[in-house]
Amino acid sequence: MTKIDRNPVVSAIVVTHDCAENVIPCLRAIKENLGGVNGEILVFDNSSFDSTVSSIKSKFTDINIFLSPENVGFAAANNKMSSIARGEYILFANPDMILDKGALLSMLAVFKKYPMAGAVVARMRYPDGSFQPTCRKFPDTRNIFFSRGSVISLIKQSSNGDEHYTIGDSDQITEVPAASATCMLVD
């Protein structure tokens with residue numbers, strides 16, 4: 001059970017929009033990870049049309065759900081929730097992401113070991129267990145024009161330029177220039 005108090009250590013923010021099939025496992029994993037940490041879970045629903053909200057309400061009575069009458073977008077929703085979050089740390093979590101058991105404590109430990117860190121991102125995996133690259137180099141001319149998703153790579157039907165942009169897997173804590181906020185803990 002998530003321990004809720006007036007001064008939570010972690011505020012977990014999940015922004016939803018028509019994600020009923022994915023969000024329940026995500027929230028269960030967050031709740032499990034908050035079991036050893038005082039925390040709160042804040043869900044901002046971006047005007048879902050499916051059963052996202054009713055699914056959450058039926059499974060979790062202690063999660064705060066904020067309903068938006070319109071889809072304000074991912075960044076704006078996270079910003080709104082950040083402004084009311086009470087935790088010392090904020091965990092931004094995509095609704096289709098599932099935290100491994102103990103992941104949150106590991107992420108918090110990085111802040112203790114590296115107090116100058118501003119953000120800690122989790123090592124991500126695809127459902128099949130293979131590494132999912134989420135860290136990137138800062139954009140420069142080469143990786144802007146040749147990375148996956150760029151106009152040139154679409155024309156060439158190739159993603160060979162991704163090697164110039166994405167950062168590979170590491171078994172160690174690694175400083176990176178840029179990272180996806182798929183699962184990001186900020187101080």
Side-chain angles (χ1 to χ4, degrees), residues 1-112 117-135 179-187:
M1 182 95 180
T2 306
K3 300 172 192 164
I4 305 293
D5 73 359
R6 294 184 202 282
N7 298 309
V9 174
V10 176
S11 293
I13 297 173
V14 179
V15 175
T16 60
H17 178 74
D18 292 341
C19 59
E21 64 188 55
N22 294 320
V23 72
I24 299 303
C26 170
L27 294 173
R28 279 191 184 124
I30 291 171
K31 276 185 68 86
E32 182 178 297
N33 272 271
L34 286 173
V37 178
N38 282 333
E40 64 180 353
I41 299 174
L42 307 170
V43 173
F44 185 99
D45 185 72
N46 257 329
S47 191
S48 289
F49 295 105
D50 70 356
S51 63
T52 297
V53 173
S54 60
S55 295
I56 295 169
K57 286 182 177 180
S58 71
K59 305 260 190 272
F60 306 99
T61 58
D62 58 344
I63 290 179
N64 298 309
I65 304 173
F66 298 84
L67 305 175
S68 178
E70 63 181 336
N71 186 339
V72 299
F74 182 74
N78 274 302
N79 287 338
K80 285 179 186 252
M81 298 312 294
S82 295
S83 70
I84 64 167
R86 298 173 294 134
E88 178 183 348
Y89 299 94
I90 296 176
L91 175 69
F92 295 103
N94 280 12
D96 62 346
M97 179 276 315
I98 299 174
L99 278 175
D100 288 343
K101 186 174 184 173
L104 183 57
L105 290 175
S106 294
M107 293 171 78
L108 287 167
V110 173
F111 278 112
K112 290 192 185 345
V120 174
V121 294
R123 183 182 194 191
M124 303 298 293
R125 293 187 315 272
Y126 289 110
D128 69 2
S130 63
F131 172 70
Q132 180 180 358
T134 56
C135 296
S180 166
T182 304
C183 180
M184 179 181 282
L185 187 65
V186 298
D187 185 8

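Side chain of Asp18 to backbone of Asp50: a donor-acceptor contact under 3.5 angstrom is found. Side-chain atoms of Asn33 come within 3.5 Å of backbone atoms of Asp100 as a donor-acceptor pair (strictly under, hydrogens ignored). Looking at Asn46, its side chain does come within 3.5 Å of a backbone N or O of Val72 through a donor-acceptor pair. In this structure, Ser51 contributes its side chain and Ala20 its backbone to no donor-acceptor pair below 3.5 Å. Without hydrogens or angle criteria, Glu40 side chain to Ala12 main chain gives no donor-acceptor distance under 3.5 Å. Ser58 places a side-chain N or O within 3.5 Å of a backbone atom of Ser55 that can act as its donor or acceptor partner. Not a single donor-acceptor pair under 3.5 Å links the side chain of Ser11 to the backbone N or O of Ala85. Checked by atom type and distance alone, the side chain of Ser106 pairs as donor or acceptor with a backbone atom of Gly102 at under 3.5 Å. Distance alone, capped at 3.5 Å, is enough to place a donor-acceptor pair between the Asn71 side chain and the Gly73 backbone.
A distance of 9.5 Å separates CG in Asn78 from CZ in Phe44, rounded to the nearest 0.5 Å. Rounding to the nearest 0.5 Å gives a distance of 9.0 Å between OG of Ser47 and CG of Leu67. To the nearest 0.5 Å, atom CG of residue Leu27 and atom CD1 of residue Ile63 are 4.5 Å apart. With rounding to the nearest 0.5 Å, the separation of CG in Leu108 from CD in Glu88 is 8.5 Å. The CZ atom of Phe60 sits 9.0 Å away from atom CD1 of Ile30, with the distance rounded to the nearest 0.5 Å.
Under the 4.5 Å side-chain criterion, counting only non-hydrogen atoms from C-beta, Leu104 is in contact with Val10. Residues Ile65 and Lys57 form a side-chain contact, since some pair of their non-hydrogen atoms from C-beta on lies under 4.5 Å apart. In this structure the side chain of Leu185 never reaches within 4.5 angstrom of the side chain of Ile90, judged on heavy atoms. Using a 4.5 Å heavy-atom threshold, the side chains of Phe66 and Asp45 count as separate. Using a 4.5 Å heavy-atom cutoff, the side chains of Asp62 and Lys31 are in contact.
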Step-by-step side chain to side chain contact (heavy atoms under 4.5 Å, CB included) determination, Phe74 to Asn94: CA-CA 10 Å; Phe74 182 74; Asn94 280 12; 3.4 Å; yes

Please lay out, stage by stage, how Tyr89 and Val9 fare under the test side chain to side chain contact (heavy atoms under 4.5 Å, CB included). CA-CA 6 Å; Tyr89 299 94; Val9 174; 4.0 Å; yes

Run the side chain to side chain contact (heavy atoms under 4.5 Å, CB included) test on Leu91 and Met184 for me, step by step, so that the C-alpha distance in whole Å, both residues' side-chain angles and the decisive distance to 0.1 Å come before the verdict. CA-CA 6 Å; Leu91 175 69; Met184 179 181 282; over 6 Å; no

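Side chains of Ser82 and Asn79: no donor on one and acceptor on the other come within 3.5 Å.
Closest heavy-atom contact between Ala117 and Phe111: O-CE2, 3.3 Å. In terms of heavy-atom proximity, Cys19 sits nearest to Thr52 at N-OG1, 2.9 Å.
The aromatic rings of Phe49 and His17 sit perpendicular, their planes meeting at an angle over 60°, well past the 30° parallel limit.
The only member of Asn64, Val14, Val43, Ile13 that meets side-chain contact (heavy atoms from CB on, under 4.5 Å) when paired with Met81 is Ile13.
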